[in-house]
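Every value quoted in this text rests on a predicted model; they were computed, and no experiment measured them. In what follows, chains are A, B, ... by sequence order, proteins preceding strands, each numbered from 1.
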Protein chains: 2
Amino acid sequence: MANSATTTAAVPSTAERILDAAEDLFAEKGYSATSLGDVADRVGIRSPSLYNHFKNKEALYEAVLERLLADFSAPLAELNGGPVTNERVFSWLETIVRQHHANPNLARLLQHAALSGGPHTNELIDRLFRPMFQSDARIDGDSITLFRDTGLQPWAVMAFNNLVMSYVTMAPMYRDLLGQDPFSEEALENQLNLIKMLLLAVFEYKGSSPSAT
Amino acid sequence: MANSATTTAAVPSTAERILDAAEDLFAEKGYSATSLGDVADRVGIRSPSLYNHFKNKEALYEAVLERLLADFSAPLAELNGGPVTNERVFSWLETIVRQHHANPNLARLLQHAALSGGPHTNELIDRLFRPMFQSDARIDGDSITLFRDTGLQPWAVMAFNNLVMSYVTMAPMYRDLLGQDPFSEEALENQLNLIKMLLLAVFEYKGSSPSAT
DNA sequence: AGGGGCAATGTGAATAATCGCGCCTCTTAA
DNA sequence: TTAAGAGGCGCGATTATTCACATTGCCCCT
């Protein structure tokens, strides 16, 4: 079977190993603070060799983003593919929680982009979040009386998104603070239960909005 | 001569102007990505002059942290000064929301520290969050049945904290996404209402936990 | 009153390290 | 043989930091 067709799929190619290393480093330090030397070191090559695979630093960053976006856009597209019911919101939230838990790098990268900018930040926003508010993907129906009349809907959606993402971006702090690995299986279940309960509480909340100022 | 030195009531000293500039830049770009040249440029002096006021870059960063912590530790200390009732939790949350709204730099700095580390990160955690879980500052009483038996209490507290902080760290993204200034007065009221309603929903939620069934 | 120190605060120049990046050569496998 | 990939080398820019100076205002001694 040593055919000379293509041997790229079986063993991770150098380009893929560069992408892996760059993704981790960009997520940790942000775009500008990440040096190509660091990336090359982690791959085990010299930094000039990176230019055999990517045009320059920005192209590498772009490739990292592209790969991440391909994975993370799917659940939202699927949610937008049908009516937004409570169960579908539940399952959407559970999916993205598990996704961010399995790979925290997109959330971290996004947080860096929100704080410091960097290349392709606008594209990042457009492809990850804009579809939430442009299509019919608004939480509607008879179940949510909480946000209907106060104009909080987009903010509420973003709040739940923040809940998921900040869990990941703050994870190193939690490790120290609570003495538990935030990416363990039990921590994932904890996080899922907490978010589910919050969402349930919101769904079932029938009280009046706090008009007191 | 082209100096816009309209000296108001209190003339900020050079050291204070350096602190102001450094705080903004550290919050935006993080510790390592902020250059002393940038800081000096914003103050209007040359970078070697910074060394007349601070020993080195790390000492400057430390001074920035110290000034921020002095402001932001007060509400938590006050909450810990008495029994943790619902109303006191409400008012604590409102206070920190308003504080982060008035000065978003601590949240941004903290997010950078959580992502990339940097000097004094552990001290930052200790002084801002550790007191929440070391003293009696746990949400107790008969009102919160939601988290009592599932061991989620610390995670729930941090979740609300994240809600507040990620609003700030994600603000630039919101500006683009929702077409509204996240730091306007109305946006502040929105954010306050949303968090209050979430907290209320949690307080009044009487359903069974999903894992208990 | 006058001037000699002196600390505080600014500056430009210089240094060593690191950065992104491109040119060129060598190795290796089909 | 050939071409892709890895590495050596170095350029130019930027970094934090130090140093030698210039300038200012203030205290003290005569």
Side-chain angles (χ1 to χ4, degrees), chain A residues 1-65 109 112 116-120, chain B residues 1-5 7 10-65 112 116-120:
Chain A
M1 280 304 292
N3 203 337
S4 66
T6 44
T7 61
T8 55
V11 174
S13 67
T14 303
E16 276 164 348
R17 290 194 298 132
I18 293 172
L19 277 178
D20 290 339
E23 183 184 305
D24 286 344
L25 286 168
F26 281 138
E28 178 186 335
K29 314 164 94 167
Y31 176 75
S32 60
T34 298
S35 82
L36 294 185
D38 290 343
V39 178
D41 280 352
R42 190 167 291 205
V43 179
I45 61 179
R46 303 290 155 231
S47 64
S49 301
L50 298 176
Y51 289 83
N52 290 323
H53 303 269
F54 299 94
K55 182 170 150 289
N56 52 25
K57 186 184 180 180
E58 188 176 334
L60 173 58
Y61 183 68
E62 203 175 325
V64 166
L65 287 186
L109 246 149
H112 275 295
S116 317
H120 306 283
Chain B
M1 53 196 317
N3 197 349
S4 63
T7 58
V11 182
S13 68
T14 304
E16 276 165 348
R17 284 169 42 231
I18 293 173
L19 278 178
D20 290 339
E23 183 184 303
D24 286 344
L25 286 169
F26 282 138
E28 179 187 334
K29 314 163 98 170
Y31 176 76
S32 59
T34 298
S35 82
L36 293 185
D38 289 344
V39 177
D41 279 352
R42 192 168 287 208
V43 178
I45 60 179
R46 304 292 153 229
S47 61
S49 303
L50 299 177
Y51 288 82
N52 288 325
H53 304 271
F54 300 94
K55 182 169 149 288
N56 51 26
K57 187 182 179 181
E58 189 175 333
L60 173 58
Y61 182 70
E62 201 175 327
V64 166
L65 287 187
H112 276 295
S116 316
H120 307 282

Whole Å only: how far is the [atom1] atom of [X] from the [atom2] atom of [N]?
{"X": "A:Tyr61", "N": "C:dG20", "atom1": "OH", "atom2": "C1'", "result": "17 Å"}
{"X": "B:Lys57", "N": "C:dT18", "atom1": "NZ", "atom2": "C1'", "result": "13 Å"}
{"X": "B:Tyr51", "N": "C:dA8", "atom1": "OH", "atom2": "P", "result": "19 Å"}
{"X": "B:Asp38", "N": "D:dT15", "atom1": "CG", "atom2": "P", "result": "6 Å"}
{"X": "A:Lys29", "N": "C:dT18", "atom1": "NZ", "atom2": "P", "result": "12 Å"}
{"X": "A:Phe54", "N": "C:dG20", "atom1": "CZ", "atom2": "P", "result": "15 Å"}
{"X": "B:Tyr31", "N": "D:dT15", "atom1": "OH", "atom2": "P", "result": "14 Å"}
{"X": "A:Ile18", "N": "D:dA6", "atom1": "CD1", "atom2": "C1'", "result": "11 Å"}

Is the shortest side-chain N/O distance from [X] to OP1 or OP2 of [N] below 4.0 Å?
{"X": "B:Arg46", "N": "C:dG12", "value": "yes"}
{"X": "A:Thr14", "N": "D:dG5", "value": "no"}
{"X": "A:His53", "N": "D:dA6", "value": "yes"}
{"X": "B:Ser49", "N": "C:dT9", "value": "no"}

What nucleic acid atoms does A:Thr34 come within less than 4.0 Å of, heavy atoms only: base, sugar-phosphate, or nothing? sugar-phosphate
Any idea which heavy atoms bring B:His112 and B:Gly30 closest together, and the distance? NE2-N, 3.5 Å
Kindly indicate whether the side chain of A:Leu60, heavy atoms from C-beta on, has any atom under 4.5 Å from the side chain of A:Leu19. yes
Can you tell me how the ring of A:Phe26 sits relative to the ring of A:Tyr31, calling it parallel under 30°, perpendicular over 60° and tilted otherwise? parallel
How do B:Ser47 and A:Gly37 order along DNA chain C: which one's closest nucleotide is nearer the 5' end? B:Ser47
Between B:Arg17 and A:Leu36, which residue's closest nucleotide on DNA chain C lies nearer the 5′ terminus? B:Arg17
Side chain of A:Asn52 only, heavy atoms from C-beta on: which candidate in D:dT15, D:dT17, D:dA6 is closest? D:dA6
Shortest side-chain distance from A:Pro48, nucleotide among C:dG20, D:dG7, C:dA13: D:dG7
Return yes if some donor-acceptor pair links the side-chain N/O of A:Lys29 with the main-chain N/O of B:Ser32 below 3.5 Å, else return no. no
If we ignore hydrogens and angles and just use 3.5 Å, is the side chain of A:Arg42 paired with the main-chain N or O of A:Ala21 as donor and acceptor? no
